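Following: one structure in structure tokens, then a few remarks.
Sequence positions, counted from 1, serve as the residue numbers for this chain. Fair warning: this is a prediction, and the values are worked out from it, not measured in the lab.
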Amino acid sequence: KMKALGFVALLGTASMSGSAQAAGYIGVDLVQMDSETSVIGFPIGDFSTNQLRLKGGFEVAKWLALEAQLLTGGDDTNLFAGGTKYDTGVTLGLFAKPHVVLGAVDLYGMLGFATADASFDCVPSCGKSKETLSGLAYGIGAQYLVNKNLKISLDYMIYYDDSANFDGLPIDVTTSALGLGVNFGF
């Protein structure tokens, strides 16, 4: 965890030492978050939630921004998985965002760290179990420049792709998101 945060901080500090002037932005997206779960390769179920994502960042070089994200969280019940309820709390992420501008389109990648609390509630068989999911997060996206201070964005992110231990049961979790929103520059 600390290595990823340290990398992002070091990258930002090194980039700011150049001559580029920082330009900030804030944004809001509607996100479809999907979590696929399995135990030893056998699917438990897929869970989907609609969430809001708040984001803010600043340019540290012509080709690089640093961005923080906060997703609101949500829950879904999968009837095919025995009525299992999967709940994700607030997701926080810090990212380096290299990008290239091609006319009115800005193509970008995201690389950083994300963390969220997640819980399974598989009533009545296993009860409720909670775990913090943290790790490498990455994605790709594009923004369309509407005017000097307004961009429409579309991106695909992987927030978590690893195994977590829910009350002694190793569950593989892949959490991805498709987001559509707007960014306001200042």
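Sparse packing is recorded around CD1 of I140, with 12 or fewer heavy atoms of other residues, nucleotides or ligands lying under 6.0 Å away.
No side-chain heavy atom of L66 sits under 4.5 Å from any side-chain heavy atom of K97. P43 places none of its side-chain heavy atoms less than 4.5 Å from the side chain of E36. Here the side chains of Y108 and P98 are not in contact, with every heavy-atom distance at 4.5 Å or above. Inter-residue side-chain proximity for H99 and W63 is flagged as unmet; no heavy-atom pair is nearer than 4.5 Å. When side chains are defined from C-beta on, T88 does not count as touching L71, because their heavy atoms never get closer than 4.5 Å. Looking at Y159 and Q69, their side chains come closer than 4.5 Å, going by heavy atoms from C-beta outward.
Separation of atoms CG (L178) and CG (D34) is listed at 8.5 Å; rounding is to 0.5 Å. In this structure, CG in L133 is found 9.0 Å from CG in D162, a value given to the nearest 0.5 Å. Remark: L54 CG to L92 CG distance equals 10.5 Å, nearest 0.5 Å. Between Q32 atom CD and S48 atom OG the span is 5.0 Å, to the nearest 0.5 Å. For the atom pair F113 CZ and Y138 OH, the distance stands at 15.0 Å (nearest 0.5 Å).
The side chain to side chain contact (heavy atoms under 4.5 Å, CB included) with L52 is formed by just one residue from the set D29, T72, V31; it is T72.
No single ILVMFWY cluster, assembled from side-chain heavy atoms under 4.5 Å apart, contains both V173 and F42. Tracing side-chain contacts under 4.5 Å through hydrophobic residues (I, L, V, M, F, W, Y), one reaches Y144 starting from I26; they form part of the same cluster. V60 and V101 fall into different hydrophobic clusters, defined by Ile, Leu, Val, Met, Phe, Trp and Tyr side-chain heavy atoms under 4.5 Å apart, directly or through other members. Criterion: ILVMFWY side-chain heavy atoms under 4.5 Å apart, direct or through other members. Under it, Y156 and L111 are part of a common hydrophobic cluster. With hydrophobic clusters built from ILVMFWY side chains whose heavy atoms lie under 4.5 angstrom apart, L107 does not share a cluster with L145.
Here the closest heavy-atom approach between residue G74 and residue D87 is recorded as O-OD1, 3.0 Å. Annotation for S153 and Q143: closest pair CB-CG, 3.8 Å, computed over non-hydrogen atoms. Counting all heavy atoms, side chain and backbone alike, G112 lies closest to F95 at N-CD2, 3.6 Å. The heavy-atom pair separating D161 from I158 by the smallest distance is CB-CG2, 4.1 Å.
In summary, the side chains of D117 and T132 do present a donor paired with an acceptor at a separation below 3.5 Å, with no hydrogens or angles considered. Using modelled atom types and a 3.5 Å distance limit, the side chains of Y25 and E67 yield a donor-acceptor pair.
We find that R53 and D155 are joined by a salt bridge, their nearest charged nitrogen and carboxylate oxygen being less than 4.0 Å apart.
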Under the side-chain contact (heavy atoms from CB on, under 4.5 Å) criterion, do L180 and L30 qualify, and how do the steps go?
-> CA-CA 6 Å; L180 177 64; L30 180 58; 5.6 Å; no
Carefully, step by step, assess K55 and N183 under the rule side-chain contact (heavy atoms from CB on, under 4.5 Å).
-> CA-CA 8 Å; K55 57 189 175 181; N183 291 341; 2.8 Å; yes
Check against side-chain contact (heavy atoms from CB on, under 4.5 Å), Y160 and S35 | CA-CA 9 Å; Y160 186 79; S35 294; over 6 Å; no
So L150 and V182, side-chain contact (heavy atoms from CB on, under 4.5 Å) or not? Walk me through it.
-> CA-CA 7 Å; L150 178 65; V182 293; 4.2 Å; yes
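Identified under the salt bridge (charged side-chain N to carboxylate O under 4.0 Å, His left out) test for residues 105-116, with sequence neighbours left out: D106-K151.
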